[in-house]
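Letters go in sequence order (proteins before strands), and every chain restarts at 1.
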2 protein chains.
Amino acid sequence: MTLKYATKLENPATDYLAHLSIDCVVFGFHDNQLKVLLLKSKYLDEWSLPGGFVMHSETVEQAARRTLEERTGATDIFMQQFRVFSNPERKNPIFQKENMLKANLKMNNFDWLNQRFVSIGFYALVEFSKVDAAPDIYSEECVWKNVDQVGRLMMDHNQILTDALETLRLQLRHQPIGYNLLPNKFTMPELQKLYETILGRELDRRNFQRKILSYKIVKRLPERRTGVAYKAPYLYRFDLEEYNKALREGLSGDW
Amino acid sequence: MTLKYATKLENPATDYLAHLSIDCVVFGFHDNQLKVLLLKSKYLDEWSLPGGFVMHSETVEQAARRTLEERTGATDIFMQQFRVFSNPERKNPIFQKENMLKANLKMNNFDWLNQRFVSIGFYALVEFSKVDAAPDIYSEECVWKNVDQVGRLMMDHNQILTDALETLRLQLRHQPIGYNLLPNKFTMPELQKLYETILGRELDRRNFQRKILSYKIVKRLPERRTGVAYKAPYLYRFDLEEYNKALREGLSGDW
DNA sequence: ACAAAAGTGTTAACCTTACACCCATGC
DNA sequence: GCATGGGTGTAAGGTTAACACTTTTGT
């Protein structure tokens with residue numbers, strides 16, 4: 001919970017592009033559950049997605065990566081833009097006068113922040129255990145929540161999350177989603193649970209295993225998971241070369 | 001070739017969001033070929049995609065729709081945003097001092113236009129025959145070109161086109177692409193050619209027909225196409241209700 | 001021993017693929 | 001009549017879906 005990089009917002013009007021922001025839906029997988037990283041506001045009783053602004057010399061991808069590294073402490077994060085959100089009424093309620101005063105932000109920030117923002121939505125996939133979640137300057141905490149237990153979020157952030165999940169589901173055959181969400185070694189039931197969670201339905205254990213193995217995208221290791229109840233399952237590792245090759249064509253099948 | 005709506009750019013700095021633009025890849029299908037709408041600059045020997053800016057009170061979708069209606073004269077156009085292009089060096093060469101002077105644009109536009117722009121890419125699908133292509137104020141003509149005969153385009157517009165085509169290919173099972181590109185009545189070989197063009201490979205005529213019919217997304221009409229060489233093919237029409245229902249799940253199959 | 005989870009195998013149904021054949025039309 | 005494109009059918013091979021049995025482990 002340490003703030004690794006303190007984003008300065010002293011002169012946003014000169015440092016950042018006006019009216020343009022990014023929002024990140026950070027997914028993780030832990031305890032067989034899909035999780036998302038959320039921030040709790042210091043000033044309002046509101047939860048939100050991690051977000052940031054775009055510097056004049058940055059691409060939006062660089063801005064998203066900077067934000068993600070600040071919130072998670074992790075590097076080399078897999079991320080993708082997926083949609084632009086541009087309702088003209090789209091203003092962050094945190095950036096209102098009374099909150100700005102509480103936050104000791106200079107008044108010359110006020111006009112710049114308290115405007116309509118067009119936001120570029122990114123989703124990111126991180127290995128849960130590698131994340132050390134850190135709040136931003138407007139937030140008192142940064143925590144993981146199960147995607148099915150996220151309550152009401154600020155602004156259109158529930159919509160952004162829903163769209164990110166939909167994108168994840170649609171891209172399951174074309175993006176290395178398993179590779180980026182799971183640890184290096186994982187069991188077949190874990191991989192299956194990940195697929196089931198994203199797809200929102202159950203799959204047949206035996207058919208799933210046969211299909212995954214037929215793609216040749218994972219290699220079975222000699223080891224098994226230890227210290228677990230019942231029969232110890234084998235560990236697997238992605239064969240990245242084969243995985244990427246298969247994803248280029250898209251994993252076939254009827255999931 | 002009439003300019004139906006003249007976009008004014010007298011006070012861009014107050015009317016539009018700074019640093020933010022949209023670019024549209026407009027697809028049409030004619031003579032069994034996939035076409036894209038391009039503009040030829042008045043001032044430079046450059047071709048470009050239709051584009052525009054976002055007004056303060058607009059969503060990016062509204063801005064894209066406004067632009068599309070200006071260029072095509074058509075309404076109710078199917079369109080989707082597909083990616084944001086944000087290279088920090090991204091400046092439109094048309095908006096340089098010498099061109100601005102030639103164009104008789106006021107000098108107070110100069111600073112605003114001659115900056116880095118983050119651009120939101122849209123693709124649009126239009127029925128070819130319904131389009132009356134009209135150039136914008138910077139262009140001397142607005143014409144259809146075959147997608148495989150597009151030459152060098154301005155800035156990153158070749159990249160935008162390539163990404164749009166890739167998106168089209170990926171979304172073929174989930175978006176009503178056939179419905180929006182073809183006229184109301186069409187033949188099975190025409191629908192097949194459209195699929196083949198987007199997928200970039202040939203399909204078996206008989207298997208294609210069987211598969212399309214198995215989805216029940218098109219209905220055969222009693223009429224046939226007249227005045228055509230060789231055997232007269234039947235005409236078909238999309239059953240929009242069934243089509244949309246099928247697209248929600250995604251058309252299955254191995255195309 | 002038993003319950004729960006994991007590994008492996010089999011079959012029928014379905015879908016895809018690769019063809020062959022006939023029909024209609026313009027030259 | 002013949003070349004070309006269009007309409008219809010069929011058989012072989014492959015993939016999926018549904019299901020049974022055995023193995024391992026903690027209690």
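Taking only distance into account, the side chain of B:Arg210 meets the base of D:dT10 through a donor-acceptor pair shorter than 3.5 Å. Looking at A:Arg206, its side chain comes within 3.5 Å of the base of D:dA20 through a donor and an acceptor atom. For a distance-only test at 3.5 Å, the side chain of B:Arg205 fails to qualify as a donor-acceptor partner of the base of D:dG5.
For the pair A:Lys211 NZ and D:dG14 P, the interatomic distance rounds to 15 Å; values are reported in whole Å. Counting to the nearest Å, the P atom of D:dT15 and the CG atom of A:Leu251 are 14 Å from each other. The separation between A:Asn207 atom CG and D:dA20 atom P is 13 Å, rounded to whole Å. Remark: P of D:dG7 and CE of B:Met188 are 8 Å apart, rounded to the nearest angstrom.
Contact check for B:Asp23 versus B:Ile120: no side-chain heavy atoms found under the 4.5 Å cut-off.
Listed pair A:Gln209 / C:dA6 fails the phosphate criterion, with no side-chain N or O lying under 4.0 Å from OP1 or OP2. Under 4.0 angstrom from either OP1 or OP2 of D:dT8 there lies at least one side-chain N or O belonging to B:Arg220. Between A:Lys231 and C:dA4 there is no side-chain N or O to OP1 or OP2 distance below 4.0 Å.
Ionic pairing of A:Lys193 and A:Glu190 is not present here: no N-O contact between side-chain nitrogen and carboxylate oxygen is shorter than 4.0 angstrom.
For A:Phe238 and A:Phe186, the ring centers sit closer than 6.0 Å to each other.
Here the OG-CZ distance, from B:Ser119 to B:Phe85, works out to 8.0 Å after rounding to the nearest 0.5 Å.
When each of A:Ala229 and B:Leu213 is assigned the nucleotide of DNA chain D with its nearest heavy atom, B:Leu213 is the one assigned upstream, toward the 5' end.
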